[in-house]
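Excluded from the calculations below are hydrogen atoms, water molecules and symmetry mates; all remaining heavy atoms, backbone and side chain alike, are included. Chain identifiers are assigned alphabetically (A, B, ...) following the order of the sequence lines, protein sequences preceding nucleic acid strands; residue numbering begins at 1 within each chain.
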Protein chains: 2
Amino acid sequence: MADVARRAGVSTGTVSRALRDLPGVGDETRELIKATARELHYVISPEASQLSRGSTGRVAIVVPRLHNWFYAEMVSALERVLRDGGLDVLVYQLDGEAKRLHFFDALPSRRKVDAVVLVALPVLTVEAERLDFMGAQVLVAGGRIRDFPYVGVDDHAIGVAAVEHLAALGHRRIGMLRTSDTEGAYWSSDAERSRGFHDALAAAGLPDDEAYVVTEPYAVDAGARAMRRLLALPEPPTAVFAYSDELAIGALRELQVAGIDVPGRMSLIGVDGHPTADLFGITTFDQHVGDQGRLTGQLVLDALARGDGAVLPANRVDFDLVDRGSTGPAPAGTGAGRGKRGVSAQPRGTRRARTRRTARGGA
Amino acid sequence: MADVARRAGVSTGTVSRALRDLPGVGDETRELIKATARELHYVISPEASQLSRGSTGRVAIVVPRLHNWFYAEMVSALERVLRDGGLDVLVYQLDGEAKRLHFFDALPSRRKVDAVVLVALPVLTVEAERLDFMGAQVLVAGGRIRDFPYVGVDDHAIGVAAVEHLAALGHRRIGMLRTSDTEGAYWSSDAERSRGFHDALAAAGLPDDEAYVVTEPYAVDAGARAMRRLLALPEPPTAVFAYSDELAIGALRELQVAGIDVPGRMSLIGVDGHPTADLFGITTFDQHVGDQGRLTGQLVLDALARGDGAVLPANRVDFDLVDRGSTGPAPAGTGAGRGKRGVSAQPRGTRRARTRRTARGGA
DNA sequence: CGATCAGACGCAAACGTTTGCGTTAATACG
DNA sequence: CGTATTAACGCAAACGTTTGCGTCTGATCG
């Protein structure tokens, strides 16, 4: 910057003001300075700038892992709006308890960023306490942690809606597929979606057999393994609610391999809005992950712009039932014989009922 | 830091040295300082530190988009080794030509990072020129750009291997599925994989019908649409080489819907090592994306540690043929009738021939 | 025409580290 | 015991901005 100032015959203060379009600089001087800067390929040093003004112009996005549709989609949406807002995005992957502990212990992002967005990150209570030392805005996307401002869907309502949808089709034996990637830490979406599931079963007077809820460690074939366990039961359910579309895809694959018609002999419904679930015609609750990410990004931008840490504490995003035909009426007999071999009944041109559900308040 | 120094009764210089384990500090003094720092929850200001020493401790990862298995996997692997190396990771998504131009024009990462990793980013020649102004190490992962050091597989060899594999099974009508997400910019992997495909067809004396190579704009159902176009041909191929596993998955779905047995009536082979392709039993060339990411990260670490910009210019990673049973002998008759309805022949416990292929030199 | 005012610009003190150099004290050696 | 050597530590100048305040110039108004 000193170079530019010398060459333009002004002081560095004027250069600083001119380049940032602040008042107090004459028009021709400003132009001269800008031209000189361009000419010298001058780029401001962010370090010096931030050291002086106090803010970093960066925000951290913390996720359990990236190679996973939900997180990648969320980060992708977040990154776009944050960058459009002139902020740089730092990504932290906290896979495994060890890394998570280290992160919360060393607080590496303190003073490195202006805000931290935790994306669907299961966190232990002790870890959550440490977040207060972060020294930055903390937001949560895709679920809830402590009392931090968050963006997410009403997971309890999703669990309820799933059971209601299946019960309305006449199903009485309804199972649920879960995956345990929380490593013992509490995660609101999983807990509340399950609670909604059980609550709705009770409300509808349907059996709530604990064998119908299977949990598999996270992996690409978790859904397949979970479905296999359900199918091995003496009296398997006739409909299954999968915690995520990824699980539903694995489950569908297993059903294809086992030659069980969907939805003829087994109804399947997931959650997310995963594009591959669309490809395979799986009915799902679209939770508009992109919208969640964009909204979170906007909240960050607003909070940082206003300076004060005032953020709307609860931001619920709508979810939609997207009926692609993987759910259907319950089979007539209870112990009906093996149905015809085949795959999903709705090949292409899937109909999208888009039963819009308005978001409900906090649980 | 001034606080710590005052409280410990030493100068800031000593604090700086003590905390970074530099020599010139007495053992008890060092311990005292460290204890004091802990007590005050002191964290170093990266801005000031970097302003003083010159390096940023950050590296930028530039990708076309994130919500995509290949990129997410690559970034994920990169992030891990870079963070383990003590570096922070900045992610830039350059979807769309506009953003790409802006990035290369404004050079936002100049002086913001010590190194830039371009992940499979198609780039125009003019844009590549501007990279010289980056003022940072530039590396390329998953392909090649100009003369920058890169990490990647031998894409030409993959194209050749695919055709050889299918030809060995007796196929004579071999198609290829491509996706165009390069927006007109050149991308080495696509170009070389295609060239390998055509070269191998010629070498094997097989027909190279241009109708057998279909390109669809990037989307989740690109593979399905591409396969549909092939099936609509008067004489469709009996085997198909998909540029990526994502395309192969879409193609498989289309074949399921159309009731065409795989590999009975149609063989299918992809590239990547996508976990979902594993789930669906799709034979593929695993290009070890994680390894590519890790290797790239290590190269960055090494280059930064050594200070000089000397990086091995070419770093080839092996690829493996993972046979999961979606390829089989060519059907006997040319115009055989509709085969039996069903899905992939190898349900679970997929065999993994893992025909290891040593990487070959440059194209 | 003198006083007032506003806009344009320079000055210099922060911001929080790092690091070369100088000083001090302690130890070792003759 | 005096001197050379070494380790421990303080001092202060960078690093490249931002920004409050002061000064100067030219214009406006009564």
Side-chain angles (χ1 to χ4, degrees), chain A residues 1-37 40-58 86 88 107-114 135-136 304 307, chain B residues 1-37 40-58 86 88 107-114 135-136 304 307:
Chain A
M1 181 179 269
D3 290 344
V4 180
R6 202 172 313 122
R7 200 109 125 77
V10 295
S11 74
T12 63
T14 306
V15 173
S16 176
R17 279 181 270 256
L19 292 181
R20 286 177 305 144
D21 284 324
L22 294 183
V25 184
D27 285 345
E28 62 227 62
T29 320
R30 187 185 304 276
E31 274 320 305
L32 170 64
I33 290 175
K34 287 192 173 181
T36 317
L40 295 180
H41 285 118
Y42 167 77
V43 213
I44 202 172
S45 154
E47 323 298 350
S49 169
Q50 289 143 16
L51 175 59
S52 183
R53 58 184 352 160
S55 73
T56 68
R58 288 186 292 263
D88 279 323
L107 297 178
S109 51
R110 179 157 176 202
R111 298 175 79 174
K112 283 188 174 181
V113 294
D114 298 334
L304 259 34
Chain B
M1 178 177 272
D3 290 343
V4 180
R6 202 172 315 121
R7 200 109 126 78
V10 295
S11 74
T12 64
T14 306
V15 173
S16 176
R17 277 182 272 255
L19 292 180
R20 285 178 306 145
D21 285 323
L22 294 183
V25 184
D27 286 345
E28 62 227 64
T29 320
R30 186 185 304 276
E31 274 319 304
L32 170 64
I33 291 175
K34 285 192 175 181
T36 317
L40 295 180
H41 286 119
Y42 167 77
V43 216
I44 201 172
S45 154
E47 322 299 350
S49 169
Q50 290 143 15
L51 174 59
S52 184
R53 63 196 332 172
S55 74
T56 68
R58 289 186 290 264
D88 279 322
L107 297 179
S109 52
R110 178 159 176 200
R111 297 174 82 174
K112 283 189 174 180
V113 293
D114 298 334
L304 259 34

> Considering only heavy atoms from C-beta outward, does the side chain of A:Arg58 approach that of A:Asp114 to under 4.5 Å?
Replying inline: no
>> Between C1' on D:dT17 and CG on A:Asp3, what's the gap in Å once rounded to a whole number?
In response: 14 Å
>> Between B:Ser49 and B:Ser52, do the side chains contain a donor N or O and an acceptor N or O under 3.5 Å apart?
In response: no
> salt bridge (Lys or Arg N to Asp or Glu O under 4.0 Å): which pairs involve residues 9-20 of chain B, sequence neighbours left out?
Replying inline: none
> Does A:Ser49 place a side-chain N or O at less than 4.0 Å from the phosphate oxygens OP1/OP2 of D:dT18?
Replying inline: yes
>> Check B:Arg30 with B:Asp21, please: is the shortest side-chain N to carboxylate O separation under 4.0 Å?
In response: yes
> Quick one: is D:dT18 close enough that its OP1 or OP2 comes under 4.0 Å of any side-chain N or O from A:Arg20?
Replying inline: yes
> Starting at CE of A:Met1 and ending at P of D:dG16, how long is that distance when rounded to a whole Å?
Replying inline: 11 Å
> Atom CD1 of A:Ile33 and atom P of D:dT18: how far apart are they, to the nearest Å?
Replying inline: 13 Å
>> Treating B:Gln50 as the side-chain partner and B:Thr56 as the backbone partner, does any N or O pair qualify as donor plus acceptor under 3.5 Å?
In response: yes
> A:Thr29 side chain N/O closer than 4.0 Å to the phosphate oxygens (OP1, OP2) of C:dC9?
Replying inline: yes
> Given atom CD of B:Glu47 and atom C1' of C:dT17, what is their separation to the nearest angstrom?
Replying inline: 11 Å
> Start at the 5' end of DNA chain D and walk down; is the nucleotide closest to B:Ala48 or to B:Val25 reached first?
Replying inline: B:Val25
> End-to-end bend of the helix from C:dC1-D:dG30 to C:dG30-D:dC1 (five-pair axes, 10° rounding)?
Replying inline: 40°
> For A:Leu32 and C:dA8, what is the distance between atoms CG and C1' respectively, to the nearest whole Å?
Replying inline: 14 Å
> Side chains of A:Ile33 and A:Leu19: does their closest heavy-atom pair fall under 4.5 Å?
Replying inline: yes
> Starting at CD of B:Glu28 and ending at P of C:dA26, how long is that distance when rounded to a whole Å?
Replying inline: 12 Å
> For the pair made of CD in A:Gln50 and P in D:dC15, what is the distance, rounded to whole Å?
Replying inline: 19 Å
> Side-chain N or O of A:Ser11 less than 4.0 angstrom from OP1 or OP2 on C:dG10?
Replying inline: yes
>> If we ignore hydrogens and angles and just use 3.5 Å, is the side chain of B:Thr36 paired with the main-chain N or O of B:Leu32 as donor and acceptor?
In response: yes
> Considering only D:dT18, C:dT18, C:dT17, which nucleotide approaches the side chain of B:Ser45 most closely?
Replying inline: C:dT17
>> Within residues 12-19 of chain A, which residues have any heavy atom lying less than 4.0 Å from an atom of DNA chain C?
In response: A:Thr14, A:Arg17
>> Between C1' on D:dT17 and CG on A:Leu51, what's the gap in Å once rounded to a whole number?
In response: 8 Å
